[in-house]
Amino acid sequence: MRARRANNENRDVKERLLVENFFTVLKGFWGEGKKKICCYLSYSSEASTDLLIENLIEAGYEVYCPRVSGEEMETVAYGEDFTISPLRIREPVGEAYQGEVDVIVTPFLAVDKQGNRLGYGGGYYDRYFQVHPMAKRVAYGFDFQIQPQVPTLGFDEKVDCIVTDKQIIYIER
């Protein structure tokens, strides 16, 4: 999946469609009251979130980005300062945010239409989901990453919605 994602063509068009679909989800299904968004900082061949974050901020949303702290994931208000983690991921610099978030934008290698998400194996998002059970969980990626079934373990947490460049899939959790 990583190789296929790396060879993904027309990324700029697909990323604009992803942003449009994400805003459809925010405004249509959940209403405009969801204002605090946790959004990953994309790296490598992941679906870029830079345009999404820019649009969220312009629209008045509060954006928080994740970083790893020990075995847990925490969020920090989006800003201009970043560092590169030992996992080679951009992470925000600043004080950890202790409040609730309304929506968690989540990366994935693969996802199925039942809401099972295959990540990178660290379980950081699964644990973060458990700490924020009321937050809506949105898998954000390219349409070809949707698979008929992905492997799951007992601690894996499902997502509420899949947003791709071609479709939006709502899932009962």
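Every value quoted in this text rests on a predicted model; they were computed, and no experiment measured them. Residue numbers run from 1 in the order of the sequence given.
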* Can you find a pair of side-chain heavy atoms, one from Tyr40 and one from Ile89, that are under 4.5 Å apart? -> no
* To do: Would you check if Ile104 and Tyr64 make a side-chain contact, meaning some heavy-atom pair closer than 4.5 Å?
  => no
* Without swapping roles, check the side chain of Arg90 against the backbone of Ser42 for a donor-acceptor pair under 3.5 Å. => yes
* Asked: Looking at Glu72 and Arg127, does any basic side-chain N land under 4.0 Å from a carboxylate oxygen?
  -> yes
* To do: To the nearest 0.5 Å, tell me how far Asn21 CG sits from Leu18 CG.
  => 7.0 Å
* N/O donor-acceptor pair under 3.5 Å between Asp112 side chain and Val150 backbone -> yes
* **For the student: nearest non-hydrogen atoms of Gly70 and Val68, plus distance** => O-CG1, 3.3 Å
* Structure fact -> Note: Cys65 and Pro92 closest approach over all heavy atoms is O-CG, 3.4 Å
* **Minimum side-chain heavy-atom gap Asp160-Ile171 below 4.5 Å** => no
* Asked: Hey, is the main chain of Asp156 close enough, under 3.5 Å, to the side chain of Asp126 for a donor-acceptor pair?
  -> no
* Any chance CD of Gln130 has more than 12 other-residue heavy atoms, nucleotides or ligands included, within less than 6.0 Å? -> yes
* Greater than 12 external heavy atoms within 6.0 Å of Glu172's CD -> no
* Plane angle bin for Tyr128 and His132 - parallel if under 30°, tilted between 30 and 60°, otherwise perpendicular -> tilted
* **Candidates Glu91, Glu95, Glu74 - the one meeting salt bridge (Lys or Arg N to Asp or Glu O under 4.0 Å) with Arg67** => Glu74
